[in-house]
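Here's the structure, in structure tokens; my notes come after.
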Amino acid sequence: MTFKSGFVAILGRPNVGKSTFLNHVMGQKIAIMSDKAQTTRNKIMGIYTTDKEQIVFIDTPGIHKPKTALGDFMVESAYSTLREVDTVLFMVPADEPRGKGDDMIIERLKAAKVPVILVVNKIDKVHPDQLLAQIDDFRNQMDFKEIVPISALQGNNVSRLIDILSENLEEGFQYFPSDQITDHPERFLVSEMIREKVLHLTREEIPHSVAVVVDSMKRDEETDKVHIRATIMVERDSQKGIIIGKGGAMLKKIGTMARRDIELILGDKVFLETWVKVKKNWRDKKLDLADFGYNEKEY
Ligand SMILES: Nc1nc2c(ncn2[C@@H]2O[C@H](COP(=O)(O)OP(=O)(O)OP(=O)(O)O)[C@@H](O)[C@H]2O)c(=O)[nH]1
Ligand SMILES: [Mg+2]
């Protein structure tokens with residue numbers, strides 16, 4: 001039996017459920033998720049391996065009209081996958097009409113000449129009639145290789161989509177060892193789990209203004225725990241106050257929630273220490289962006 005493999009990018013507007021889909025396929029949280037737009041900021045691989053195939057999924061930042069240097073980085077890294085993959089999953093939500101954002105992406109997809117599968121997500125939120133109308137509308141915009149309605153949250157039809165991808169795979173190498181699930185180091189996942197809790201617990205500009213950097217991570221032999229020091233960067237003093245909260249209550253909550261997720265990923269007990277720092281307008285400063293892991297070299 002020949003081994004098959006391929007690279008598959010997941011593209012779409014912010015908040016359509018790309019990361020939720022990736023995590024469902026992988027059976028664990030690799031990419032953070034939230035109800036805020038622009039949650040994902042870096043490309044992130046989910047490596048799905050069975051004994052006969054390897055599908056390397058690439059989750060991407062939601063494509064939007066960038067307003068900051070960080071936004072430029074995010075959108076460029078999403079589009080860069082068009083040069084790297086064998087198939088694109090273009091994800092749209094079943095419960096929102098096609099908009100300018102989708103049309104912009106469709107133009108780029110047409111130009112890229114990569115096979116595109118339309119994935120209509122969040123079918124749990126609509127009546128079947130609305131789903132059919134949505135499919136019809138998108139079908140008229142471009143030639144899709146397949147159209148697959150799913151619910152990434154509940155898992156409906158996700159295995160059907162994997163089957164379709166499997167059927168279309170070509171003979172190829174196993175690019176990554178069977179036990180490797182992503183391309184990012186543990187430090188990245190740790191910083192993302194902390195950022196996810198900030199997204200869940202704060203509102204308005206704060207989710208967009210936050211970056212998290214892991215300063216150090218090492219095992220403490222005495223306590224047998226992994227000791228992690230991380231800094232939460234914000235853009236303004238007022239935001240620092242909100243993240244710390246009254247008597248440090250908010251920071252404590254963020255730390256407690258993040259620690260649970262980090263312990264799951266590392267499979268180890270964790271002692272997490274968090275600090276908050278202000279870096280004015282970091283989202284528009286190239287040097288800060290690079291320091292916080294949003295590096296142009298990445299795409
Ligand atoms: N009802 C429902 N909600 C979903 C489904 N898939 C995702 N969601 C929700 O949609 C929101 C966005 O999900 P994400 O996976 O973070 O979306 P994303 O496309 O990765 O977003 P960005 O990273 O910002 O581009 C979250 O609140 C999810 O719980 C679904 O199938 N049904
Ligand atoms: Mg995402």
Side-chain angles (χ1 to χ4, degrees), residues 4 6-37 39-40 44-63 78 81 85-99 101-102 105-106 109 114-169 181-182 196 199-200 261 264:
K4 294 179 167 186
F7 287 77
V8 176
I10 314 162
L11 253 70
R13 284 190 285 120
N15 227 19
V16 297
K18 300 178 293 298
S19 301
T20 305
F21 168 76
L22 183 83
N23 292 335
H24 186 88
V25 170
M26 299 304 300
Q28 60 180 295
K29 193 183 340 178
I30 299 176
I32 62 168
M33 303 166 283
S34 89
D35 58 359
K36 315 284 192 301
T39 296
T40 304
I44 175 162
M45 279 184 189
I47 306 164
Y48 173 90
T49 312
T50 68
D51 51 1
K52 49 185 196 308
E53 73 205 332
Q54 182 162 72
I55 309 177
V56 182
F57 290 96
I58 306 176
D59 183 18
T60 64
I63 295 173
T81 58
V85 299
D86 308 297
T87 305
V88 170
L89 300 181
F90 173 39
M91 187 172 283
V92 300
D95 62 333
E96 287 170 28
R98 176 171 56 86
D102 295 305
I105 300 170
I106 287 170
L109 292 176
V114 191
V116 179
I117 296 176
L118 178 72
V119 179
V120 185
N121 188 30
K122 308 197 185 183
I123 56 170
D124 54 286
K125 287 178 103 175
V126 299
H127 187 273
D129 289 344
Q130 194 182 339
L131 174 62
L132 290 177
Q134 181 79 321
I135 289 175
D136 264 347
D137 180 41
F138 274 95
R139 202 202 303 272
N140 290 329
Q141 310 308 315
M142 73 173 275
D143 221 2
F144 294 108
K145 186 159 186 176
E146 299 267 356
I147 298 180
V148 189
I150 67 163
S151 167
L153 195 63
Q154 300 184 347
N156 312 30
N157 230 16
V158 171
S159 59
R160 167 88 193 109
L161 179 51
I162 300 290
D163 287 346
I164 290 172
L165 289 171
S166 292
E167 285 159 20
N168 285 292
L169 285 178
I181 54 167
T182 188
E196 184 185 67
L199 296 194
H200 285 184
D261 272 5
L264 275 179

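For reference, positions follow the sequence shown, starting with 1. Keep in mind that the numbers below use all heavy atoms, side chains included, and drop hydrogens, waters and symmetry copies.
Residues Val16 and Glu96 are not in side-chain contact: their nearest non-hydrogen atoms beyond the backbone lie 4.5 Å or more apart. The shortest distance between side-chain heavy atoms of Ile30 and Asp59 does not fall below 4.5 Å. Taking the side chain as every heavy atom from C-beta outward, Asn121 and Phe21 never approach each other to under 4.5 Å. Residues Gln54 and Ile47 have side chains in contact (heavy-atom distance under 4.5 Å, counting atoms from C-beta outward). Counting heavy atoms from C-beta outward, Met33 and Glu196 have side chains that approach closer than 4.5 Å. Contact annotation: the side chain of Leu109 approaches that of Ile105 to within less than 4.5 Å [non-hydrogen atoms, C-beta and beyond]. No side-chain heavy atom of Leu153 sits under 4.5 Å from any side-chain heavy atom of Lys122. Put simply, the side chain of Arg139 reaches to within 4.5 Å of the side chain of Ile147, judged on heavy atoms.
Glu53 and Ser166 get closest at one heavy-atom pair: OE1-OG, 2.7 Å. Asp102 and Pro97 get closest at one heavy-atom pair: OD2-O, 4.2 Å. When all heavy atoms are compared, the tightest approach of Asp137 to Arg98 is OD2-NE, 2.9 Å. Shown here for Pro93 and Val120, the closest heavy-atom pair between the two residues is C-CG1, 4.4 Å. Contact record, Leu199 with Lys36: O-NZ, 2.9 Å, taken as the closest heavy-atom pair. Across all non-hydrogen atoms, the minimal contact from Gly6 to Asp86 is CA-OD2, 3.2 Å.
If you take CG on Leu165 and CZ on Phe57, they are separated by 5.0 Å, rounding to the nearest 0.5 Å. Between the CG atom in Asn157 and the CD1 atom in Ile164 there is a gap of 7.5 Å [rounded to 0.5 Å]. For the atom pair CD of Gln28 and CD1 of Ile181, the computed distance is 3.5 Å after rounding to the nearest 0.5 Å. One finds the CD1 atom of Ile162 at 5.0 Å from the CD1 atom of Ile55 (value rounded to the nearest 0.5 Å). Remark: Gln134 CD to Asp129 CG distance equals 13.0 Å, nearest 0.5 Å. Rounded to the nearest 0.5 angstrom, Asn168 CG and Ile117 CD1 are separated by 6.0 Å.
Although no hydrogens or angles enter the test, the distance criterion places no donor-acceptor pair under 3.5 Å between the side chain of Asn23 and the main chain of Thr20. Using modelled atom types, no side-chain atom of Thr182 and backbone atom of Gly46 make a donor-acceptor pair closer than 3.5 Å.
Within 6.0 Å of CG on Asp143 lie no more than 12 heavy atoms contributed by other residues, nucleotides or ligands.
Ion pairing between Arg160 and Asp163 fails under the 4.0 Å rule for side-chain N and carboxylate O.
Between the side chains of Thr81 and Thr60, no donor N or O sits under 3.5 Å from an acceptor N or O.
Ring-plane geometry between Phe144 and Phe90 is classed as parallel, the angle between the planes falling under 30 degrees on a 0 to 90 degree scale with a further cut at 60.
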Before giving the answer on side-chain contact (heavy atoms from CB on, under 4.5 Å), spell out for Val116 and Met142 the whole-Å C-alpha distance, their side-chain angles and the decisive distance to 0.1 Å. CA-CA 9 Å; Val116 179; Met142 73 173 275; 3.9 Å; yes
